[in-house]
Amino acid sequence: MREVVVVPDLHGRLDLLLSALRQFPEAHFLSLGDAIDRGPRSLATVDKLLELHGQGRATLLMGNHERMAQEGLKWYRRYSGTHDMGDYRKAMEGYQWWMQAGGDTVRKELPQYAAEHGGPSSLTLEKFPENLARYLDLLVRVVYVTADGAIHSEVPPQPSVLVAHASPPVSHPQYRHPETAALWLRPFEGPFPLPPGVVYSVHGHTPVRVPTRLGRHLYLDLGAYETGKLALLPLSVHQVSKVTVLCGRGEPLRASRYPAMGEALPTQLVPLDGAPGRR
């Protein structure tokens, strides 16, 4: 039986991902998405996740930020085959959607990344980072984890934990498909029924002050890109494990802006070098 550890919303915090690997050196990592945008090193974070995926050590979920990054690329690829300017217009609209919602940080970090790794030093649809495109192509939206650590794309016959970026997949008037809703919905937009056999669900997306249980749903996003705190949850089907919270460089007081809701989960704090209050 392998250990599966959920990693929420990294947003370019490669340092925290590397610390997670040191904390759980044998685990299989289940990334909740939003690994890119906002933080300082999105592209290097993507490189590490691709490496882990290639080693069979990571399953990569899509977050809403990856969905936005995907939109312009999807339509540009279609334009490359059709040469229809309507497709190119949709590609540019998608690209601007992403830039305005956090993608601009990836554009700004690209010159330094190119100096270190090679490749284009500017981010356009015509020169889209190859590693980011490969990462976006690998992403899935919802998985189910069973007690043996196996990860399923459909609800398995045995008890499982549902893992998706924002919420369980549910019908919602704002979204065409339930798995699209699972990228965007906030806790207050529930209720979120779970399929038979699913014991509880795990999500990021909505920043919370501490790892939180709300009904049968767990929320782990601690705003790592600004607070320096990253929650890591080893999955157990029959009980909720203690959450390991890595405390690195950042401004933890920013968490006071996040909603306080539900019930705080048991946590273990792990201070890292450079964290506030350390000498």
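- For Phe192 and His217, the ring centers are positioned less than 6.0 Å apart.
- Aromatic ring orientation, Trp184 versus His205: perpendicular (interplanar angle above 60°, classes split at 30° and 60°).
- Note: Leu32 CG to Leu233 CG = 9.0 Å, rounded to the nearest 0.5 Å.
- One finds the CG atom of Leu73 at 12.0 Å from the CZ atom of Arg78 (value rounded to the nearest 0.5 Å).
- Ser121 places no side-chain N or O within donor-acceptor distance of the main-chain N or O of Pro111, the cut-off being under 3.5 Å.
- By the 4.0 Å N-to-carboxylate-O rule, Glu189 lies too far from Arg186 to be salt-bridged with it.
- Annotation for Arg249: atom CZ does not count as buried by contact number, only 12 or fewer foreign heavy atoms lying within 6.0 Å.
- When only modelled atom types and interatomic distance are considered, His203 and Ser201 share a side-chain donor-acceptor pair under 3.5 Å.
- With hydrogens and angles left out, the side-chain atoms of Glu93 and Trp97 include no donor and acceptor closer than 3.5 Å.
- Classification of Lys90 and Asp87 as a salt-bridged pair fails, no side-chain N sitting under 4.0 Å from a carboxylate O.
- No more than 12 heavy atoms of other residues, nucleotides or ligands shown are found within 6.0 angstrom of CD on Glu154.
- Of all non-hydrogen atoms in Val161 and Ser236, the two that sit nearest each other are CG2-O, 4.1 Å.
- Using a 4.0 Å cut-off between charged side-chain N and carboxylate O, Arg257 and Glu226 make a salt bridge.
- Counting only heavy atoms from C-beta outward, the side chains of Met92 and Leu125 approach each other to under 4.5 Å.
- Of the N and O atoms on the side chains of Ser19 and Arg22, at least one donor lies less than 3.5 Å from an acceptor on the other residue.
- For Trp98 and Asp37, the side-chain atoms include at least one donor-acceptor pair closer than 3.5 Å.
- Cluster membership check: Leu136 shares its hydrophobic cluster with Leu183, using side-chain heavy-atom separations under 4.5 Å among Ile, Leu, Val, Met, Phe, Trp and Tyr.
- Counting only distance, with no hydrogens or angles, the side chain of Arg2 and the backbone of Gly149 share a donor-acceptor pair below 3.5 Å.
- Glu130 contributes atom CD, which lies 11.5 Å from atom CG of Leu43 (distance to the nearest 0.5 angstrom).
- Side chains of Glu66 and Gln70: no donor on one and acceptor on the other come within 3.5 Å.
- No donor-acceptor distance shorter than 3.5 angstrom exists from the side chain of Asp221 to the backbone of Asp9, with no hydrogens or angles considered.
- Taking the six-membered ring where tryptophan is involved, the planes of His11 and Tyr225 are perpendicular, since the angle between them exceeds 60° and thus also 30°.
- For the residue pair Thr180 and Arg141, a side-chain donor N or O sits within less than 3.5 Å of a side-chain acceptor on the partner.
- Counted by atom type alone, His152 and Ser160 present zero donor-acceptor pairs between their side chains at under 3.5 Å.
- Defined by atom type and a distance below 3.5 Å, a donor-acceptor pair is missing between the side-chain atoms of His28 and Arg57.
- Of all heavy-atom pairs spanning Leu16 and Ala224, the tightest one is CD1-CB, 3.8 Å.
- Checked against Leu30 for a side chain to side chain contact (heavy atoms under 4.5 Å, CB included), the options Val7, Val202, Val143 give a single hit: Val143.
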